[in-house]
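Lettering of chains follows the sequences in order, A, B, ..., and the numbering in each one begins at 1.
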Protein chains: 2
Amino acid sequence: MSISKISVVIVDDHSIVIEGLKSLLEHGHNLDITAHFTMGKPAFEFIGKERPDVILLDINLPDINGIDLCRQIKEAVPETKILALSNYTERNIIMQMLQSGANGYMLKNISGQGLLNGIAAVQNGEIYFSREINEIIGNPSRFELKEVPRLTKREKQVLALVAEGKTTTEIADILHVSPLTIETHRRNLHYKFQVRNVAELVMAATKCQFL
Amino acid sequence: MSISKISVVIVDDHSIVIEGLKSLLEHGHNLDITAHFTMGKPAFEFIGKERPDVILLDINLPDINGIDLCRQIKEAVPETKILALSNYTERNIIMQMLQSGANGYMLKNISGQGLLNGIAAVQNGEIYFSREINEIIGNPSRFELKEVPRLTKREKQVLALVAEGKTTTEIADILHVSPLTIETHRRNLHYKFQVRNVAELVMAATKCQFL
DNA sequence: TTTTTTCTACTGGTTTTCGGGTATTTTTTC
DNA sequence: GAAAAAATACCCGAAAACCAGTAGAAAAAA
């Protein structure tokens, strides 16, 4: 156990949340809330200068995306531990956060004790997830397991126009190519998404957030 | 100004938020946080008995929906002022909350002062919205202005099957009716959504949250 | 009970999509 | 510079969707 307290920085766009975290963390433990920010940029500058131990980082920020901020912080100050604190339960958001170097991920409904456990764990070099997040990571849906098809630029254009209800000839007209070309693109889209008609295609594409 | 303080009850599933609200509201103003709950049911029972002045109500609750809880509270204790405190910026969620009798709606990124203003306003009989909410209510998108078509039970069934990529004959088979009947339903769906083909239909239906 | 809505079914014809191929040119990537 | 990927284009036939109209039975609402 080191003599100095763990320095913690809070980054969250909700002042309510910041107050809550301060209140939950202040009760005589060996950590010190060095600063708190509602914006990403000033937080980044402060972190680069002061090099705190742990950052409680929200994903929704007014100026920049929390996932990008995470990557930037990890690049600038790799030894800083980042604990994501968000409401997002989507598996791919959690994965993006980890990809960006986060040391842990917790939902905002966490208890004060859970929070302290998380901070202690990441400070100790562990990767920490709250209970619900463990569940989400461990139980991917059938949909989440099959990979999102990689579409070419042209295919994305055609897909968007198909979803707008345009017919093959209309699309051909818009893109100044032969309708036969568009039919080929459509056939390839069906193949890539493993579907048999437009209805399924549009549904599959929306689920993969192409639309 | 009455001699007794305004009694406030907080209902939110996040202990962080509860702590934050307590911290922001406790600083020597004329209000008193009577109780706080992370669940709807115990909150409802308490409110029915103690009849507090103002309730800060979240929409996401573990046991019941905040919108339904609002309606129930207003039915049981109509004089109680309900101030919705949520992250939802969707116009139709706000509208549902108002429909259910809420006296105000604020986003969780509100400041301490904004919170106090809101509580004072609803206690004074006003309907209060934070700045962003005023914007959202006042600026409906083109999509939000056109009403959602009312579908019959059968049409909903057909729509769901169409979205699954089923063909007319397959649907007819599943519902044990003539394919010609299904074609009529499809035609009616196209008319109600004002679309010209399945692609548009599926898109329109997903936007209206039918799928 | 009357009226309205919903569900059902049909005729007949046009347009569009879908599935199986093949193949050349252009652009990227290695 | 060679190889791979993407975009282009074509043929053919079958299946499905789309359009316009009509209309009777059943269920729900007035």
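In terms of the salt bridge (Lys or Arg N to Asp or Glu O under 4.0 Å) criterion, residue partners of A/R51 (sequence neighbours excluded) are, by chain and number, A/E79. With sequence neighbours left out, B/T168 forms a side chain to side chain contact (heavy atoms under 4.5 Å, CB included) with B/P179, B/I182, B/E183, B/R186.
Mapping B/L151 and B/H176 onto DNA chain C by nearest heavy atom places B/L151 closer to the 5' end of the strand.
Remark: B/R150 does not engage B/E155 in a salt bridge, criterion side-chain N to carboxylate O under 4.0 Å.
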### Message
For a side-chain contact (heavy atoms from CB on, under 4.5 Å) check, start with the C-alpha distance between A/V11 and A/M39, then their side-chain angles and the critical distance, and finish with the verdict.
### Response
CA-CA 7 Å; A/V11 187; A/M39 303 274 278; over 6 Å; no
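B/T38 and B/D13 share no side-chain donor-acceptor pair at under 3.5 Å.
Comparing the local axis fitted to the first five base pairs of the helix from C/dT1-D/dA30 to C/dC30-D/dG1 with the one fitted to its last five gives a bend of 80°, rounded to 10°.
The shortest distance between side-chain heavy atoms of B/I59 and B/I93 falls below 4.5 Å. Using a 4.5 Å cut-off on side-chain heavy atoms (C-beta onward), A/I137 and A/I94 make contact.
Think of the region where chain A sits on DNA chain D: with heavy atoms and a 4.0 Å cut, that region ends 5' and 3' at D/dA6 to D/dC10.
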### Query
How would nucleotides 13-30 of chain C be written as a contact map, 5' to 3', with B for base contact, S for sugar-phosphate-only contact and - for no contact, using protein heavy atoms under 4.0 Å?
----SBBBB---------
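Of the residues listed (A/V198, A/L159, A/V195), the one engaging A/L189 in a side-chain contact (heavy atoms from CB on, under 4.5 Å) is A/L159, and it is the only one.
Under a 3.5 Å cut-off, the side chain of A/T206 and the backbone N or O of A/V202 do form a donor-acceptor pair. Side chain of B/N65 to backbone of B/I67: a donor-acceptor contact under 3.5 angstrom is found.
Separating the NZ atom of B/K156 from the P atom of C/dC7 is a distance of 10 Å, rounded to the nearest angstrom. Between B/E155 atom CD and C/dC7 atom P the separation is 6 Å, expressed in whole Å. For B/R150 and C/dT5, the CZ to C1' distance is 12 Å, given to the nearest whole Å.
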Would you give me the side-chain donor-acceptor pairs under 3.5 Å for residues 99-116 of chain B, sequence neighbours excluded?
residue: B/S100; atom: OG; partner: B/R71; partner atom: NH1; Å: 3.4
residue: B/S100; atom: OG; partner: B/Q96; partner atom: O; Å: 2.9
residue: B/N103; atom: OD1; partner: B/K74; partner atom: NZ; Å: 3.0
residue: B/N103; atom: OD1; partner: B/I82; partner atom: N; Å: 2.9
residue: B/Y105; atom: OH; partner: B/S86; partner atom: OG; Å: 3.4
residue: B/Y105; atom: OH; partner: B/Y88; partner atom: O; Å: 3.0
residue: B/K108; atom: NZ; partner: B/D12; partner atom: OD2; Å: 2.9
residue: B/K108; atom: NZ; partner: B/D58; partner atom: OD2; Å: 3.4
residue: B/N109; atom: ND2; partner: B/E132; partner atom: OE2; Å: 3.2
residue: B/S111; atom: OG; partner: B/G114; partner atom: N; Å: 3.1
residue: B/Q113; atom: NE2; partner: B/N117; partner atom: OD1; Å: 3.1

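Contact annotation for B/S178: backbone-only contact, meaning every heavy-atom pair under 4.0 Å involves sugar-phosphate atoms and none involves a base.
Proximity of B/T152 to the phosphate of C/dT6: no side-chain N or O atom is located under 4.0 Å from OP1 or OP2.
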